[in-house]
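These notes are about the structure you will find just below.
We're numbering straight along the sequence, starting at 1.
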Amino acid sequence: MSREPDEWVDEEAGPVVRPYAVARGRTKPSSPAIDLLAHISATSEPMPPKAELSAQHRRLIGSVSGQSRPVVEVAAEMNLPVGVIRVLLGDLIDYGLVTVRPPHAKAGVATESLLREVINGLKAL
């Protein structure tokens with residue numbers, strides 16, 4: 001998979017645009033809270049005519065086209081803070097361009113015996 005050059009980073013100077021600038025100064029997504037482990041995927045909806053999508057919005061859509069991926073994985077690939085990804089995702093959800101599926105139900109609480117086995121295993125190392 002070829003990776004396009006990061007337009008927000010200068011090789012010598014480092015980041016040239018602060019993350020909040022990527023999100024147009026917003027710090028909260030327009031949609032409800034998006035879990036870090038939630039899976040996002042692109043829809044087949046056409047681009048709305050009034051959609052104002054930045055290059056980062058388009059990269060995010062491209063990152064989840066044809067596959068469902070966790071929010072944290074996309075944030076790591078795009079080299080952006082999760083907060084910025086959540087803001088961008090909120091925009092894309094509003095336009096109907098991505099769907100968010102909550103993470104699988106969490107497993108039950110670990111039992112005391114399981115925790116003791118883990119501790120004993122660590123001690124054995």
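- Shown here for Arg59 and Glu77, the closest heavy-atom pair between the two residues is NH2-O, 4.0 Å.
- Applying the side chain to side chain donor-acceptor pair (under 3.5 Å) test to Ser65 and every residue at least two apart in sequence or in another chain returns nothing.
- Sorted by first then second residue, the salt bridge (charged side-chain N to carboxylate O under 4.0 Å, His left out) pairs that include residues 110-121, not counting sequence neighbours, are Glu112-Arg116.
- Side-chain atoms of Ser68 never come within 3.5 Å of backbone atoms of His39 as a donor-acceptor pair (strictly under, hydrogens ignored).
- Atom CE of Met78 and atom CG of Leu88 lie 6.5 Å apart (nearest 0.5 Å).
- In this structure Leu122 satisfies the side chain to side chain contact (heavy atoms under 4.5 Å, CB included) test together with Val118, Leu125, sequence neighbours excluded.
- Residues Gly96 and Thr43 approach most closely at O-OG1, 2.7 Å, considering heavy atoms.
- Within the 4.5 Å cutoff, no side-chain heavy atoms of Pro70 are placed close to those of Asp35.
- Of the inter-residue distances, the one linking Leu97 atom CG with Leu92 atom CG reads 6.0 Å to the nearest 0.5 angstrom.
- Scanning for side chain to side chain donor-acceptor pair (under 3.5 Å) contacts around Ser41 gives Thr99, with sequence neighbours left out.
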Quiz prompt | CA sep, side-chain torsions, deciding dist, call: Arg86, Leu36, side chain to side chain contact (heavy atoms under 4.5 Å, CB included) | solution = CA-CA 9 Å; Arg86 284 178 169 158; Leu36 292 174; 3.4 Å; yes
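- Annotation: salt bridge (Lys or Arg N to Asp or Glu O under 4.0 Å) contacts of Glu73 (sequence neighbours excluded): Arg69.
- For Ser44, there are no side chain to side chain donor-acceptor pair (under 3.5 Å) partners at least two apart in sequence or on another chain.
- Using a 4.5 Å heavy-atom threshold, the side chains of Leu53 and Asp91 count as separate.
- Here the closest heavy-atom approach between residue Ile34 and residue Leu89 is recorded as CD1-CB, 3.8 Å.
- For the atom pair CE (Met47) and CZ (Arg58), the distance works out to 5.0 Å, reported to the nearest 0.5 Å.
- The side-chain heavy atoms of Ile40 and Leu60, taken from C-beta on, include a pair separated by under 4.5 Å.
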